Amino acid sequence: MKQVYGVIGHPIGHSLSPIMHNVAFKEREIDATYLAFEVKENQLKQAIDGVRGLGVSGLNVTIPHKVNVMQYLDEIDPLAERIGAVNTIVHKENKLIGYNTDGEGYLQALLPILPKSLDNMRVLVLGAGGAAKGVAMAMTVHGVKEMCITNRTMEKADTLAHECSAITKVSTLPIALAQARLTEFDLIVNTTSIGMTPNVDQMPLSLEMIARGVVVSDLIYTPAKTRWLQDAEARGAIIQNGLGMFINQGALAFEKWTNQEAPRDIMRKKVVEKLGGLT
Ligand code: ATR
């Protein structure tokens, strides 16, 4: 019988996950389909009941459900527990198990472009929302030398720093101070939505002070190169957008569901095609 997978979120209409996963199932000759389910905040419990009742094989979970969904699952993987958010659910032997592949997906994209190892790098994370949690926790677990978190709402930065600090030294700075001390960082990561389509003129921080060779990373991939990344590139930074993280988090979810290696090149090709050819 055909298996059903999907992504739940709100809004979900523009998600690229269905085309990415459906091409992967086809490539691996797995009889499965992947759908986007529009699920509002107050429908989450019914949606998860539906997964059990209908025998949906697995889900991705996106905004705004990554935290709230955890209460409806039977087991949470330790990394997802530590991050405090789930983006992947595996339905196995009548159990729903929650994982987080965002942080690992980010690291898999980041590590190959770094000029030195993460344990020699001082990192500034901009933002303290759901995406920041996955990325910050994965980097601390991976042994980053030092991390600093800045955010519009400082309480959220402080909470996230506290959660990460069991593993490594994590501090916080108000945005103005982070801006003033920008030269102290080897890697600057934007996890906020500032600069995302349609607000393409906005920048999360000014990069005037950065040195050549600093790594500037943005989780956004629409547009493919935010104004912030364009500016970073013009100043000689090594830049990276969020496309690699998106592909990798999907590939890692696919591998958990199917126990087969995800066809990453084909998944990437399909997503890039859908985005109009820009990487
Ligand atoms: P996600 O899961 O994508 O991280 P989120 O949990 O809503 O989404 O987090 C969004 C992040 O972007 C937060 O750090 C948010 O700052 P606040 O915690 O102060 O809300 C940040 N953010 C979004 N829009 C912003 C803006 N216009 N200016 C500054 N920060 C912004």
Side-chain angles (χ1 to χ4, degrees), residues 7-17 39-41 44 59-70 79-80 82-89 98-107 109-110 123-140 147-164 170-179 182 188-207 216-223 226-229 231 240-246 248-250 253:
V7 57
I8 57 168
H10 173 66
I12 202 67
H14 292 109
S15 172
L16 295 171
S17 291
V39 175
K40 301 211 173 91
E41 266 107 333
L44 181 59
L59 281 185
N60 284 130
V61 182
T62 188
I63 294 170
H65 303 308
K66 288 186 183 183
V67 176
N68 285 340
V69 78
M70 295 172 78
L79 179 62
R82 192 169 246 172
I83 293 169
V86 157
N87 80 323
T88 300
I89 300 173
Y99 295 89
N100 190 307
T101 66
D102 286 331
E104 187 59 30
Y106 178 70
L107 275 187
L110 178 76
V123 180
L124 176 66
V125 176
L126 314 181
K133 275 188 175 187
V135 163
M137 196 59 83
M139 284 196 284
T140 54
M147 184 182 291
C148 179
I149 302 169
T150 186
N151 193 40
R152 177 176 60 182
T153 312
M154 278 309 289
E155 296 80 40
K156 279 167 70 181
D158 289 336
T159 304
L160 179 54
H162 181 72
E163 286 163 5
C164 291
V170 184
S171 57
T172 60
L173 278 178
I175 294 176
L177 274 181
Q179 178 74 72
L182 215 54
I188 305 166
V189 189
N190 175 40
T191 73
T192 77
S193 48
I194 301 171
M196 191 189 290
T197 307
N199 302 313
V200 293
D201 286 335
Q202 297 176 358
M203 295 220 270
L205 271 186
S206 159
L207 294 171
V216 177
S217 165
D218 199 329
L219 302 197
I220 296 170
Y221 55 90
T222 54
T226 54
R227 194 176 151 212
W228 195 63
L229 282 189
D231 191 37
Q240 183 190 51
N241 71 8
L243 192 62
M245 175 182 179
F246 175 68
N248 291 338
Q249 64 75 33

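Not measured: the values here are computed from a predicted model. In each ligand, atom 1 is the first atom listed, and ligand 1 is the first ligand listed. Along the sequence shown, the residues carry numbers beginning at 1.
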Side chains of [X] and [Y]: closer than 4.5 Å at any heavy-atom pair?
X    : Y    : answer
Y106 : N248 : no
T88  : L59  : no
T140 : V170 : yes
L110 : M139 : yes
N241 : T226 : no

Under 4.0 Å from any heavy atom of [X], which atoms of ligand 1 are there?
X    : value
G127 : 14 (O)
K156 : 17 (P), 18 (O), 20 (O)
I63  : 2 (O), 3 (O)

Does an N or O anywhere in [X] fall below 3.5 Å from an N or O of ligand 1?
X    : value
A131 : yes
R152 : yes
G130 : yes
A128 : yes

Spacing of CG belonging to L173 relative to CG belonging to N151, to within rounding of 0.5 Å: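 Reported value, rounded in 0.5 Å steps: 12.0 Å.
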CH2 on W228 to OG on S206, rounded to 0.5 Å: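 So the gap between those two atoms works out to 10.5 Å.
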Protein contact of [atom] - nearest heavy atom, named by residue and atom, plus distance:
atom                    : value
atom 29 (C) of ligand 1 : I194 CD1, 3.4 Å
atom 23 (C) of ligand 1 : S193 OG, 3.6 Å
atom 10 (C) of ligand 1 : G129 CA, 4.5 Å
atom 12 (O) of ligand 1 : T192 CB, 3.3 Å

Per atom 19 (O) of ligand 1, closest listed option by heavy atom (T153, N190, N151): T153
Lys/Arg-Asp/Glu bridge criterion (N-O < 4.0 Å) met for D102, K66: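 Looking at D102 and K66, the cut-off is met.
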